[in-house]
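Computed from a prediction, not measured in an experiment: that's the story for all the values here.
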Amino acid sequence: MKQGINAILAWGLLAVFVVMLLLSRIFHWSPGVQIGVHFQDFIVGMLRVFPCAFILIGLFDVWVQQETIQRYMGEDSGWRGYVWALLLAGTTVGGMFVGFPVAYALYNKGAKLSIVFTYIGAAAICRVPMSLFEAFYLGGRFTLIRFTVSLPLLILSSILLGTWLTRRNYQVREGK
């Protein structure tokens, strides 16, 4: 019942958004027209990234052996697992739209929960293209300081959260 209400709410909000965009076009309301232009640019950008990203995620899921993930990112991987998570996250393209499916694939193949959390956090804060952009506009020193502060805190919080959830026998629910 609750899912039905949520679906109706989601479709209702989408309908309101589309009506607002149409009315903005009809009445030449500049903020609404700009929102529509930015939304269109966002959708086009995502449609360029998503197909390739999801094909690569599918290939990762099929080609990378579970034993490999368990060896390099599993329970016995030690500090090297966190390094692998940071390296993998640095190359993630498509932001968290791609990061979460990759994290799910890592978890299903036996990656340690704290390493999955490290990957998710690192995919959000230290992707190579974003870091280059940041270094160019804010300076290499700023980027270096941000990494020096954020990465140890990210790994520490991932370890704490992963340990806490593991002690409580946390399991990721399967999608429907």
Side-chain angles (χ1 to χ4, degrees), residues 34-35 37-39 41-175:
Q34 285 293 79
I35 289 171
V37 168
H38 291 301
F39 182 72
D41 290 344
F42 173 77
I43 293 297
V44 168
M46 288 296 104
L47 289 176
R48 288 181 185 155
V49 171
F50 276 177
C52 295
F54 287 129
I55 288 170
L56 289 174
I57 291 168
L59 292 174
F60 172 83
D61 199 29
V62 172
W63 285 350
V64 177
Q65 299 295 321
Q66 184 170 358
E67 295 78 26
T68 305
I69 296 298
Q70 289 173 344
R71 182 174 354 135
Y72 291 107
M73 300 175 98
E75 292 295 329
D76 298 327
S77 63
W79 62 271
R80 289 184 184 100
Y82 297 98
V83 172
W84 281 111
L86 293 174
L87 292 173
L88 180 61
T91 61
T92 300
V93 178
M96 298 315 293
F97 295 111
V98 175
F100 284 123
V102 170
Y104 185 71
L106 288 172
Y107 179 78
N108 281 340
K109 287 188 175 281
K112 187 176 178 180
L113 194 56
S114 60
I115 292 174
V116 173
F117 288 141
T118 298
Y119 168 79
I120 291 170
I125 65 171
C126 68
R127 292 185 312 270
V128 171
M130 180 184 78
S131 300
L132 292 174
F133 181 79
E134 175 186 277
F136 181 77
Y137 284 103
L138 299 175
R141 185 174 176 200
F142 175 85
T143 303
L144 184 62
I145 291 170
R146 188 177 69 81
F147 279 169
T148 304
V149 171
S150 63
L151 291 180
L153 291 174
L154 169 66
I155 292 170
L156 178 64
S157 63
S158 296
I159 290 170
L160 291 173
L161 184 59
T163 302
W164 184 74
L165 289 172
T166 301
R167 286 184 183 159
R168 282 158 181 74
N169 296 321
Y170 175 79
Q171 296 293 317
V172 174
R173 282 191 280 170
E174 291 294 320

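Looking at heavy atoms from C-beta onward, Tyr82 lies in side-chain contact with Lys112 at the 4.5 angstrom threshold. Taking 4.5 Å as the limit, every side-chain heavy atom of His38 sits out of range of all side-chain heavy atoms of Phe42. Between Ile155 and Leu86, some side-chain heavy-atom pair lies under the 4.5 Å cut-off. Between Phe60 and Ile69, the closest side-chain pair of non-hydrogen atoms falls below 4.5 Å.
Shortest non-hydrogen contact noted between Ala111 and Val116 is CB-CG2, 3.8 Å. Ala53 approaches Val98 most closely through the heavy-atom pair CB-CG2, 3.4 Å. For Ser77 against Arg71, the heavy-atom pair with the smallest separation is CB-O, 3.8 Å. Counting all heavy atoms, side chain and backbone alike, Ile57 lies closest to Pro101 at CD1-CB, 3.7 Å. Across every non-hydrogen atom of Asp61 and Ala105, the tightest pair is OD1-CB, 4.2 Å. Here the closest heavy-atom approach between residue Arg48 and residue Cys52 is recorded as O-SG, 4.4 Å.
Qualifying ring pair (Phe, Tyr, Trp, His ring centres under 6.0 Å) partners for Phe147, counting only residues two or more places apart in sequence or in other chains: none.
Listed for the Ser158 side chain is a donor-acceptor partner under 3.5 Å among the backbone atoms of Thr118. A donor-acceptor pair is defined here as one N or O able to donate and one able to accept, closer than 3.5 Å; no such pair exists between the side chain of Arg146 and the backbone of Phe142.
Between Gln70 atom CD and Lys109 atom NZ the span is 9.5 Å, to the nearest 0.5 Å. Rounding to the nearest 0.5 Å gives a distance of 5.0 Å between CG of Leu151 and CD1 of Ile125. Distance OG1/Thr166 to CG/Leu113: 5.0 Å, rounded to 0.5 Å. Taking CZ of Phe136 as the start and OG1 of Thr143 as the end, the distance is 12.0 Å to the nearest 0.5 Å. Atoms OG and CG, on Ser114 and Leu156 in that order, are 11.0 Å from each other to the nearest 0.5 Å. To the nearest 0.5 Å, the span separating CG on Leu144 from CD on Glu134 amounts to 10.5 Å.
Atom CG of Asp41 sits in a crowded spot, with more than 12 heavy atoms from other residues, nucleotides or ligands closer than 6.0 Å.
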Please list, one pair per line, the donor and acceptor atoms closer than 3.5 Å that link side chains of residues 87-96 to other protein atoms, with sequence neighbours excluded.
{"unit_1": "Thr91", "atom_1": "OG1", "unit_2": "Leu88", "atom_2": "O", "d": "2.9"}
{"unit_1": "Thr92", "atom_1": "OG1", "unit_2": "Leu88", "atom_2": "O", "d": "3.2"}
{"unit_1": "Thr92", "atom_1": "OG1", "unit_2": "Ala89", "atom_2": "O", "d": "3.4"}
{"unit_1": "Thr92", "atom_1": "OG1", "unit_2": "Tyr119", "atom_2": "OH", "d": "2.9"}

